[in-house]
Amino acid sequence: MGAENVIARIALAYSLKSNKKLDLNDIQDSGGKEYSRKVLFGNYDKYYLALVAQHYQLHISNQDLGKYVKMHVDDGLQNLFSKLESKSDTSALIFINSIEI
């Protein structure tokens, strides 16, 4: 398991915790980088997808579910980056332990 998928999982959870509803019209281009569900979520893909489906009151087979996942990963990464930037003197381990998910 690589670092990118772990960070993506943390970002997704962090974004969902904010309870924001993101608008599909605001989806950003991924710049050609794609991850399979297996790479991104490992054996827990159904759980992560269920969290997003529940958040939007969608069926797990909804065709837009992947877009919402992408948007929440992007949102979570941006929020984590902003938070980390404001605490530039903090070590990564202390920072991760300080995040309330």
So, does Ser15 use its side chain to make a donor-acceptor pair with the main chain of Leu12 at under 3.5 Å?
no
So, Gln54 side chain and Leu51 main chain: donor-acceptor pair closer than 3.5 Å or not?
no
For Asp26, enumerate each residue passing the side chain to side chain contact (heavy atoms under 4.5 Å, CB included) test, keeping only those at least two apart in sequence or located in another chain.
Asp23, Met71
Considering residues at least two apart in sequence or located in another chain, which fulfil the ring-ring contact (aromatic ring centres under 6.0 Å, His included) criterion with Tyr56?
Tyr68, His72
Around atom CD of Gln28, are there more than 12 heavy atoms from other residues, nucleotides or ligands closer than 6.0 Å?
no
Would you please name every residue forming a side chain to side chain contact (heavy atoms under 4.5 Å, CB included) with Leu65, sequence neighbours left out?
Leu49, Val52, Ala53, Leu58, Ile60
List the residues meeting salt bridge (Lys or Arg N to Asp or Glu O under 4.0 Å) with Lys46, not counting sequence neighbours, and say none if there are none.
none
Which residues pass the side chain to side chain contact (heavy atoms under 4.5 Å, CB included) test with Asn79, sequence neighbours left out?
Tyr14, Lys20, Asp75
To the nearest 0.5 angstrom, please state how far the CD1 atom of Ile10 sits from the NZ atom of Lys17.
14.0 Å
Under 3.5 Å, is there a donor-acceptor pair between the side chain of Ser82 and the main chain of Gln78?
yes
Run the side-chain donor-acceptor check on residues 36-45: report pairs under 3.5 Å with partners two or more places apart or on a different chain.
unit_1, atom_1, unit_2, atom_2, d
Ser36, OG, Val39, N, 3.1
Arg37, NE, Asp45, OD2, 3.3
Arg37, NH2, Asp45, OD2, 2.9
Lys38, NZ, Asn43, OD1, 2.4

